[in-house]
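Only heavy atoms go into these numbers, but all of them, side chains included; no hydrogens, no water, no symmetry mates. In this chain, residues are counted from 1 in sequence order.
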Amino acid sequence: MRRADDRRHFLRKLVAGSTALVLAGCDAASRSTWFPKVLAVGETANRGAQRLLTSKNSLAQEFSEADLSPSFRSNGTSNPRNAEYQRLAAGAFADYALRVDGLVNSPATFTLAQLRALPVRTQITRHDCVEGWSAIGKWTGVPLAHIVAAVQPKAEVRYAVFHCADAMDSKGTPYYESIDLEDAMHPQTLLAYELNGTVLPIANGAPIRLRVERQLGYKHAKYVMRIEFVSSFAALHGGNGGYWEDQGYEWFAGI
């Protein structure tokens with residue numbers, strides 16, 4: 001167990017270091033022709049190292065309730081200024097419906113009540129943010145694997161894409177993120193609807209946020225409204241698999 005913890009610590013430092021380089025880099029470098037290529041090489045190395053040193057079912061460290069942080073701060077958007085989202089929030093998300101579609105055999109929608117009726121998992125894990133802070137929280141939700149099984153992705157599917165309610169700029173560009181099917185099927189990957197034993201607060205992503213515990217915080221999409229299964233990112237916004245990835249972040253943020 002000690003050796004596995006050491007490997008995870010090494011990988012966390014490796015990826016956090018390379019991600020910090022992205023955040024510290026100037027805008028001019030991120031817009032250059034050579035800098036994204038350097039980042040792509042680093043991302044491939046990080047992903048390769050993580051897949052080499054950990055099995056596909058290796059777990060992120062879990063903690064006890066005694067380890068819970070006094071508060072769990074909000075990362076990114078704290079209250080989407082989206083009219084439809086605000087309408088849903090005003091009704092305590094009673095009318096919320098998660099749409100799951102794309103390259104699947106059985107597209108579906110799930111109300112919050114239906115999601116809560118599915119098999120449940122609770123885990124206490126650490127959230128590592130690229131802004132330099134961490135917090136330990138207790139998350140409860142449905143393992144994403146159950147949603148995957150219900151909709152039956154087609155053979156060509158490689159990724160699950162999470163479309164969110166928060167707009168990221170004055171143009172209304174929506175937040176979106178993606179993970180591969182290996183992470184989608186991982187036992188700790190949740191669609192979480194509770195934090196620390198209470199209904200997920202709006203600031204932390206209500207009614208549903210993704211928890212993909214082996215990756216850094218920006219991969220944990222909040223305010224998830226739709227999950228789309230795709231074979232590539234070519235038709236999605238900037239084509240890099242996520243809002244921040246379109247700005248130059250690494251797509252793979254494994255720790």
Side-chain angles (χ1 to χ4, degrees), residues 15 18-19 21-23 25-44 46-47 74-86 88 96-104 107 109 129-131 144 147-148 151 153-154 156-184 189 191 205 207-212 215-254:
V15 179
S18 63
T19 304
L21 175 63
V22 177
L23 295 175
C26 65
D27 288 342
S30 67
R31 291 193 297 267
S32 70
T33 58
W34 60 268
F35 192 62
K37 294 178 182 178
V38 172
L39 295 180
V41 171
E43 177 184 340
T44 300
N46 290 340
R47 186 178 187 187
S74 173
N75 62 306
T77 304
S78 60
N79 189 1
R81 289 182 288 181
N82 173 305
E84 175 61 12
Y85 179 85
Q86 290 296 322
L88 292 171
Y96 171 80
L98 173 67
R99 182 156 53 108
V100 187
D101 57 16
L103 299 175
V104 299
T109 58
C129 183
V130 295
E131 295 174 345
L144 182 57
I147 304 298
V148 177
V151 299
K154 297 181 184 293
E156 63 267 32
V157 166
R158 296 179 61 196
Y159 307 105
V161 180
F162 303 85
H163 299 274
C164 305
D166 45 336
M168 299 303 292
D169 54 34
S170 59
K171 298 178 181 178
T173 305
Y175 195 84
Y176 79 105
E177 254 304 343
S178 62
I179 57 177
D180 62 20
L181 284 187
E182 182 171 312
D183 273 323
T189 299
L191 297 180
I208 293 294
R209 86 171 289 170
L210 174 68
R211 294 302 305 176
V212 52
Q215 301 214 33
L216 293 170
Y218 65 89
K219 301 294 290 187
H220 299 225
K222 303 197 300 185
Y223 317 114
V224 177
M225 306 300 288
R226 177 190 176 205
I227 303 174
E228 179 185 12
F229 288 89
V230 301
S231 59
S232 79
F233 302 140
L236 293 166
H237 303 289
N240 296 297
Y243 175 81
W244 287 116
E245 288 87 332
D246 289 341
Q247 319 307 312
Y249 281 37
E250 297 177 348
W251 176 78
F252 184 73

* Asked: Among all residues two or more places apart in sequence or in another chain, which pass the side chain to side chain contact (heavy atoms under 4.5 Å, CB included) test with Glu84?
  ->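 With sequence neighbours excluded, Glu84 shows a side chain to side chain contact (heavy atoms under 4.5 Å, CB included) to Asn82, Arg87, Leu88, given in chain and number order.
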* To do: Mind checking ring-ring contact (aromatic ring centres under 6.0 Å, His included) for Phe229 and listing every partner two or more places apart, or none if nothing turns up?
  =>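 None.
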* ring-ring contact (aromatic ring centres under 6.0 Å, His included) partners for Tyr85, two or more places apart ->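 Once residues adjacent in sequence are excluded, the partners of Tyr85 under the ring-ring contact (aromatic ring centres under 6.0 Å, His included) criterion are Phe93, Tyr223.
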Report the residues that fulfil side-chain hydrogen bond (donor to acceptor under 3.5 Å, both in side chains) with [X], sequence neighbours left out, ordered by chain and then residue number.
X      : result
Tyr176 : Asp246
Lys219 : Glu177, Glu245
Ser78  : none
Thr189 : none

* Asked: What pairs meet the salt bridge (charged side-chain N to carboxylate O under 4.0 Å, His left out) rule with one or both residues in residues 229-238, with sequence neighbours excluded?
  ->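 Residue pairs passing salt bridge (charged side-chain N to carboxylate O under 4.0 Å, His left out), neighbours aside: none found.
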* **Inter-residue atom distance Tyr159.OH - Leu181.CG, 0.5 Å rounding** =>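 Output value for this atom pair is 9.5 Å.
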* Give, for atom CD of Gln215 and atom CG of Asp183, the distance between the pair rounded to the nearest 0.5 Å. =>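 Here the rounded value is 5.0 Å.
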* If the plane angle is over 60° it's perpendicular, under 30° parallel, otherwise tilted; pick one for Tyr249 and Tyr218. =>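 If you compare the ring of Tyr249 with that of Tyr218, the planes turn out perpendicular.
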* What heavy-atom pair brings Gln86 and Asn79 nearest, and what distance separates the two atoms? ->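 Heavy-atom minimum between the residues: NE2-OD1, 2.8 Å.
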* Asked: Quick check: does any side chain N or O of Arg209 sit under 3.5 Å from a backbone N or O of His220, one acting as donor and the other as acceptor?
  ->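 Checking the backbone N and O of His220 against the side chain of Arg209, a donor-acceptor pair under 3.5 Å is found.
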* Under the salt bridge (charged side-chain N to carboxylate O under 4.0 Å, His left out) test, residues paired with Arg226 that sit two or more places apart ->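 Only Asp101, Glu228 meet the salt bridge (charged side-chain N to carboxylate O under 4.0 Å, His left out) criterion with Arg226.
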